[in-house]
Amino acid sequence: MSAYQIKNFTSDDAGDAKSWPFQEARNLIKRMEKVKHNGPVVFETGYGPSGPPHIGTFGEVARTTMVRRAFELLTGRETRLIAFSDDMDGMRKVPPHVPNQELLAGYLQMPLTVVPDPWGSHASFAHHNNAKLRAFLDQFGFDYEFVSSTDCYREGKFDETLIRVMERYEAVMEIMLPTLGEERRASYSPILPISPTTGRVLYVPMLEIDAAKGEVVYQDEDGQKIRTSVRGGAAKLQWKVDWAGRWHALGVDYEMSGEDLTESVRLSNRIVMALGGEPPAGFNYQLFLDEQGKKISKTKGNGIAIEEWLTYASPQSLSLYMFQNPKAAKKLYFDVIPKIADEYWAHLEKYAEQDGAKALDNPVWHIHEGKPPTVLPPANFAMLLNLVSACGAGEEATLRGFIKKYRPGASAEELAAADELITFAGRYFEKFIKPNKTFRPPDAREQAALAMLSARLKEMGEAGSEDDYQTAVFDAGKAQNYENIRDWFKGLYEVVFGQPAGPRMGPFTKIYGAAATAKLIDDALMH
RNA sequence: GGGCCCUUAGCUCAGCCGGUAGAGCAACUGACUUUUAAUCAGUAGGUCGAUGGUUCGAAUCCAUCAGGGCUCACCA
């Protein structure tokens with residue numbers, strides 16, 4: 001049973017909360033005062049199904065959810081989150097790294113929901129990726145409604161908006177044309193018909209537009225002039241107009257997006273106004289940087305993938321990363337993981353003693369949608385890394401033994417939480433610490449002390465108590481007249497464990513074994 | 001070059017509807033003959049990117065500049 005830390009907040013508390021999700025929520029409130037509808041307030045996130053969901057997808061949904069929950073607390077209003085998939089978009093190029101390249105090559109420019117699934121498991125390429133998106137979001141427990149662009153068009157949900165765009169055709173063109181290059185300007189159309197003969201999404205000019213009938217005339221790929229209704233999926237809208245049209249049709253009240261889309265947002269805002277709507281609230285979050293502070297690009301493969309993060313730390317730690325400073329470009333690389341992981345636990349611990357606006361501004365309130373868990377692991381990531389580092393990976397039982405000694409009062413739940421951390425720490429150690437471990441040779445004094453300790457441990461065998469072993473360690477140090485006994489320990493850790501600190505030696509020896517410990521020491525002395 | 005965003009202690013970040021700069025970690029000092037990133041006590045460290053302005057008063061508002069990021073053909 002997992003328990004939550006539930007706190008009650010007054011409207012004053014919410015009003016005083018200053019963290020960015022609350023500020024965003026207040027912007028949304030301002031918008032809601034303008035549009036005044038009584039239905040659920042609609043939040044939207046976007047997804048492009050030409051590739052699998054990634055860390056940016058997670059960030060957008062996590063951050064949007066944070067604003068959503070803050071808004072709910074501030075207003076008490078009902079909300080929905082739409083995870084929208086742009087699966088009617090044409091496939092511009094065959095995505096690399098998928099099987100059956102030649103098969104897909106025959107479907108260029110066709111809607112992604114028409115392109116066959118290269119893995120053969122779903123109705124289409126887009127269906128495959130859409131399923132991935134849902135599994136991905138479900139894995140984190142996000143609350144959302146999946147909406148497919150193709151379904152919206154085919155089921156006629158966007159018909160009215162398509163026709164609205166035709167009615168406001170001049171205004172829309174006036175907004176779009178100045179942003180286009182000369183060549184594109186000549187053939188630009190906000191409405192993209194789907195060719196009835198080839199099935200491709202056509203980027204062709206409209207020869208005729210009849211808003212009253214909802215019909216357009218254009219030239220098909222074979223040169224034939226076609227007059228068609230735009231309804232029911234016969235046509236779609238092009239990018240910025242599509243975005244605006246979707247806001248209009250679905251009544252989107254809030255959507256955030258990456259900084260690279262700043263200009264698109266501006267244009268789509270103007271377009272939705274031309275359609276007679278009010279742009280949603282939202283802001284542009286910053287992109288992530290890699291180790292060297294360069295922009296992360298999927299094709300370059302720098303930076304870090306979400307699976308990689310989750311190999312070494314919890315989704316909560318990733319949420320914390322997303323919570324912090326969304327408007328500053330931040331380094332997203334492996335070396336931030338241990339710090340963020342422990343900051344998460346520190347925030348969670350602090351939450352227990354906070355209340356009012358302070359608690360609402362605590363990241364864990366946002367990460368856990370108002371319900372942070374009560375259980376803290378009895379040891380944090382840095383400590384576990386240290387322990388793993390001492391006895392090597394694959395010694396999980398040993399680590400558990402340590403944790404039980406370290407926190408005798410730890411509950412089963414806490415130990416379970418620690419288990420997860422042990423796994424993470426083990427992996428992190430193998431990948432990032434082990435390769436960089438540096439064992440230094442002992443100096444003469446250390447050599448003497450270590451030799452004495454090893455001999456003593458062998459003599460005592462496995463029957464000694466923790467205290468006996470601990471005393472043996474001290475005796476070895478004292479015999480060498482260390483003025484500060486800590487120096488002896490420091491030296492011992494550096495020589496034997498390859499790091500400046502380590503586990504308490506008595507319990508370590510008891511759990512790890514006296515003979516095994518003596519062997520560690522002997523091995524170190526051989527260097 | 002135009003537009004938008006960012007720049008607070010060594011590091012990670014908080015503070016920003018104006019009222020003599022904060023946290024954690026790192027550093028340093030002291031205590032502790034038993035050390036679990038030890039612990040405890042304490043110290044130091046920032047002209048809040050720079051310069052002007054508004055103000056009795058600015059990290060907080062305005063302007064300019066610098067550095068970094070994104071964007072300004074096509075596609076999304």
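Below, each value reflects all heavy atoms present in this structure, side chains not excepted, and no hydrogens, waters or symmetry copies. Residue numbers begin at 1 in each chain, while the letters A, B, ... track the order of the sequences.
The distance between atom CD of A:Glu183 and atom C1' of B:C74, rounded to the nearest whole Å, is 9 Å. Atom C1' of nucleotide B:C75 and atom NZ of A:Lys236 are separated by 11 Å, given to the nearest angstrom. Per the geometry, CD belonging to A:Glu263 stands 6 Å off C1' belonging to B:U71, to the nearest Å. At whole-Å resolution of the value, CG in A:Leu261 and P in B:C4 are 17 Å apart.
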Legend entry - Pairing annotation in dot-bracket form, given for RNA chain B with Watson-Crick or G-U pairs under 3.5 Å and | for cross-strand partners: (((((((..((((.....[..)))).(((((.......))))).....(((((..]....))))))))))))....
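Spacing between B:G22 and B:G3 at atom P, rounded to whole Å, works out to 38 Å.
Residue A:Asp361 is out of contact with every strand shown, counting any heavy-atom pair closer than 4.0 Å. A:Tyr203 comes within 4.0 angstrom of the backbone, heavy atoms only, and of no base. Among the atoms of the strands shown, none is found under 4.0 Å from any heavy atom of A:Lys358.
Residue-nucleotide stacking is present for A:Phe474 and B:U34, judged by a side-chain ring centre under 5.5 Å from the six-membered base ring centre and planes under 30° apart.
Every residue was checked against the side chain to side chain donor-acceptor pair (under 3.5 Å) condition with A:Asn129, not counting sequence neighbours, and none meets it. Under the rule for a ring-ring contact (aromatic ring centres under 6.0 Å, His included), the partners of A:Phe22 that lie at least two apart in sequence or sit in another chain are A:Trp365, A:His366.
Below the 3.5 angstrom threshold, one finds a donor paired with an acceptor across the side chain of A:Lys478 and the base of B:U33.
Proximity of a side-chain donor or acceptor of A:Tyr469 to a complementary backbone N or O of A:Gly464 within less than 3.5 Å is detected.
Separation of the A:Tyr312 and A:Phe424 ring centroids does not fall under the 6.0 Å cut-off.
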